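Contents: one structure, followed by commentary.
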There are 2 protein chains.
Amino acid sequence: MIEADSTPDAESTLPVSTRGARRGRPAATIYDIAKLAGVNPSTVSRALSKPGRINVKTEERIHAAAKELNYRLNPMARALPTGRTNSLGLLLADITNPMFFNVVRGAESAASKRGYTLLLAESQESSEREAAAAERLSPSVDGLVLVTSRLSDEEIVELADQRPLVVINRKVHGIPGIVPEIGPGIEQALAHLGALGHTAIGFVSGPVNSWMNRARWAELLERAPALGMTIVEIGPGKPTLDGGAATLARVVASGVTAVLAYNDLMAIGLMRAAQESGIDVPGKLSIIGFDDIFGSDFTSPQLSTVRTPLGAIGDRAVRLMMQLLDEDAGAPPHRDAEVALVTELVVRGSTGPAAH
Amino acid sequence: MIEADSTPDAESTLPVSTRGARRGRPAATIYDIAKLAGVNPSTVSRALSKPGRINVKTEERIHAAAKELNYRLNPMARALPTGRTNSLGLLLADITNPMFFNVVRGAESAASKRGYTLLLAESQESSEREAAAAERLSPSVDGLVLVTSRLSDEEIVELADQRPLVVINRKVHGIPGIVPEIGPGIEQALAHLGALGHTAIGFVSGPVNSWMNRARWAELLERAPALGMTIVEIGPGKPTLDGGAATLARVVASGVTAVLAYNDLMAIGLMRAAQESGIDVPGKLSIIGFDDIFGSDFTSPQLSTVRTPLGAIGDRAVRLMMQLLDEDAGAPPHRDAEVALVTELVVRGSTGPAAH
DNA sequence: CCGGTTTTGGCAACCGGTTGACAAAATCAG
DNA sequence: CTGATTTTGTCAACCGGTTGCCAAAACCGG
């Protein structure tokens with residue numbers, strides 16, 4: 001049997017670090033290519049990044065040399081003079097909330113399609129940690145995308161002063177943001193509950209510093225009375241299963257026959273807590289969540305919920321970021337009008353006729 | 001005659017890009033600090049990164065100046081000469097598989113604790129895309145972590161030749177890897193099924209190029225006969241809800257009374273398909289999944305599953321990577337023996353007495 | 001064949017740090 | 001107080017690209 005580990009002595013003559021490659025060749029540079037192709041390094045740089053600037057014949061020769069040396073551009077070396085890193089920072093409130101999966105996927109695929117890389121950080125629902133993470137990511141990226149940020153408006157504006165920034169699920173004055181239209185989904189949800197005979201509704205609210213939480217509540221508050229319904233806020237609570245479960249006593253005490261919860265996690269938590277207490281869902285209590293996360297159709301009954309086009313939101317956010325970056329680079333403001341990001345009610349089993 | 005190069009605006013005097021900051025100051029450098037503190041830039045560099053190398057008094061002065069200018073180090077500028085980027089690449093097979101959430105969280109928190117940043121990419125279960133993503137990430141990171149890689153052993157070895165690399169859920173000769181002990185969980189699962197009277201077992205298998213899929217199957221194959229059980233492989237299939245559902249006909253046809261599925265997603269997919277076909281779970285068919293992902297306790301019945309310590313695995317993987325990097329930098333091989341990553345059966349509702 | 005225009009490629013400075021080598025200053029031993 | 005030693009800070013080169021400027025080369029119409 002052969003030992004994979006060879007003696008490290010040969011490496012001792014190498015410079016400071018093994019740079020680039022660990023064992024293999026020390027990674028080709030444009031200087032190596034230049035030597036091989038018999039031209040100046042700057043010509044190589046141009047051939048590789050400014051197609052057309054160089055004579056076709058020469059360009060070919062350079063490309064051939066690059067291929068032969070298995071050249072890959074050093075992103076750091078390029079970033080230093082240009083200031084462009086070709087990467088985006090994505091800051092999430094809580095990685096384990098399935099809501100983020102689709103946002104991340106949408107963002108990742110849009111980014112990698114444009115040759116951008118995603119740097120990821122999570123704040124675990126803490127604004128301090130989020131600020132720290134933003135601080136850490138900021139110098140290494142071209143732009144920052146904040147998903148469901150827990151930062152204050154002021155902090156966000158300050159951050160946007162350093163780097164192009166896009167917020168998701170939030171509106172901050174002067175900051176580009178991607179927010180789905182919550183109106184349609186909420187309208188449908190209320191209409192649905194109304195048709196089932198519910199007149200006393202509750203809103204199980206999430207984190208106070210969540211913009212989306214306030215937006216949903218505001219929308220409900222505005223629309224419910226017009227439909228002849230009463231509505232009360234129950235919360236705030238943590239946007240988790242436990243957070244939802246914890247509101248059960250208050251929900252019961254409030255006398256409402258249906259609730260909308262800030263998100264699916266809370267809705268499911270509440271539903272399970274209710275069932276454990278012998279409260280039938282939807283027999284005694286109808287529950288509607290928000291987002292339509294993974295697993296919301298696993299429950300029994302399956303959760304009725306207001307679906308948010310999470311993947312599309314992630315995609316749109318990075319495309320918007322690309323536009324901002326292009327504009328910064330001098331391109332025309334091409335901000336194209338895209339299809340709307342609309343929410344819609346998905347009726348499943350957790351809503352039923354009001355018990356009276 | 002007008003100068004060919006008539007100045008469009010004040011910006012033309014600026015360097016290439018607006019570098020660093022968008023609106024705010026152009027971001028302080030060690031040169032600014034040096035000027036302010038009245039020392040040489042190299043002294044600033046040392047004061048900031050080699051504590052003790054510089055006179056305490058001077059160091060203080062420099063730190064004060066740095067703080068005053070709100071200095072932050074430019075990661076790219078540091079990475080260029082040192083080759084160290086202080087970031088790790090994390091490559092996932094499928095972001096939307098909840099299995100990865102906890103791995104990512106574990107990895108992210110371990111990384112950010114050590115001042116490292118995570119670069120994320122997903123391969124969407126495609127080995128070509130995975131190779132491309134690895135290629136793209138590789139030059140910008142100090143190390144690569146492959147989670148449930150779909151690459152061939154050869155490709156992985158080749159990748160490891162360029163960068164320190166750690167694989168999760170896989171063993172490749174000569175490549176450091178983090179793999180949970182699947183033995184205990186499987187032993188418990190089989191014992192559990194045996195106690196319930198099951199003698200004909202099925203394994204709903206996942207992707208052929210998944211090492212973990214083969215490992216689980218091999219373990220089952222070895223242990224089942226010794227327990228007086230027959231076992232058959234049903235698959236391969238995609239590691240998704242649909243992939244699991246698609247195996248229903250074959251599961252039924254095989255005559256087994258219990259199955260273990262490659263992962264929870266397939267298990268849940270199969271369970272739902274079975275229920276839709278009027279097959280009672282666990283009355284007619286017992287089902288056990290793997291991993292204990294988010295949502296596996298949402299189903300009805302809740303899924304019995306072999307839990308994998310996913311968060312701990314992510315954490316361990318980046319800590320192992322840190323050790324590799326430290327060693328590369330000349331530190332002693334300190335590879336400490338950690339607590340084992342053991343799997344265990346979580347008995348819930350999807351398993352019951354064999355119907356015969 | 002000539003002067004003028006356009007292409008093409010080289011030169012050199014620069015991005016913002018790091019580090020080996022070295023000299024000046026401070027400290028110490030005798 | 002002197003010479004040896006240690007501490008401290010400066011100099012300059014370097015990492016690997018990018019780009020403004022310029023001169024040489026190629027091309028053009030007449």
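Remember, predicted model here, so these are calculated numbers, not experimental data. Here is the naming used below: chain letters follow the sequence lines, and residue numbers restart at 1 for every chain.
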Distance in angstrom units between Arg72(B) CZ and dG16(C) P, rounded: 16 Å
Between P of dC14(C) and CZ of Arg84(A), the distance in whole Å: 23 Å
Distance below 4.0 Å between Thr43(B) side-chain N/O and dT10(D) OP1 or OP2: yes
Pro81(A) side-chain proximity, nearest of dC15(C), dG16(C), dT10(D): dC15(C)
Along DNA chain D (nearest heavy atom to each residue), the more 5'-positioned of Glu59(B) and Ala77(B): Glu59(B)
Separation of dC15(C) C1' from Asn74(A) CG (nearest whole Å): 13 Å
Qualifying side chain to side chain donor-acceptor pair (under 3.5 Å) pairs, either residue in residues 34-46 of chain A, two or more places apart: Asn40(A)-Ser42(A)
4.5 Å side-chain heavy-atom contact, Leu80(A) and Asn74(B): yes
Arg78(A) side-chain N/O to Leu73(A) backbone N/O, donor-acceptor pair under 3.5 Å: no
Check: dG20(D) base within 3.5 Å donor-acceptor of Arg46(A) side chain: yes
Interface with DNA chain C, restricted to residues 47-55 of chain A and to heavy atoms under 4.0 Å: Arg53(A), Ile54(A), Asn55(A)
Residue-level proximity of residues 31-42 of chain A to DNA chain C when a heavy atom falls under 4.0 Å: Val39(A), Asn40(A), Ser42(A)
Salt bridge (Lys or Arg N to Asp or Glu O under 4.0 Å) involving Glu155(B) - partner list, sequence neighbours excluded: none
Those residues that, when tested against Thr148(B), pass side-chain hydrogen bond (donor to acceptor under 3.5 Å, both in side chains) (two or more places apart): none
Do any side-chain atoms of residues 56-66 of chain A form donor-acceptor pairs under 3.5 angstrom with protein atoms, and if so which ones, sequence neighbours left out?
unit_1   : atom_1 : unit_2   : atom_2 : d
Glu59(A) : OE1    : Gly52(A) : N      : 3.4
Arg61(A) : NH1    : Ala37(A) : O      : 2.4
His63(A) : ND1    : Glu59(A) : O      : 3.2

Note, Tyr116(B) side chain near Leu325(B) side chain (heavy atom, < 4.5 Å): yes
Selected nucleotide, minimal atom distance to Ser45(A) side chain, candidates dT18(C), dG17(D), dA21(C): dG17(D)
OG-CD1 distance between Ser149(B) and Ile156(B), expressed to the nearest 0.5 angstrom: 4.0 Å
Between C1' of dT18(C) and CD1 of Ile30(B), the distance in whole Å: 8 Å
Between dC15(D) (P) and Leu73(A) (CG): distance, integer Å: 16 Å
Nearest-Å distance for atom pair CG/P, residues Leu80(A) and dT19(D): 12 Å
Separation of atom NZ in Lys57(B) from atom P in dA26(C), rounded to whole Å: 15 Å
Asn86(A)-Arg84(A) side chain donor-acceptor pair, cut-off 3.5 Å: no
Given dG20(C), dG20(D), dT18(C), the nucleotide with the shortest approach to the side chain of Arg78(B): dT18(C)
d(CD, Glu60(B); C1', dT8(D)) in whole Å: 16 Å
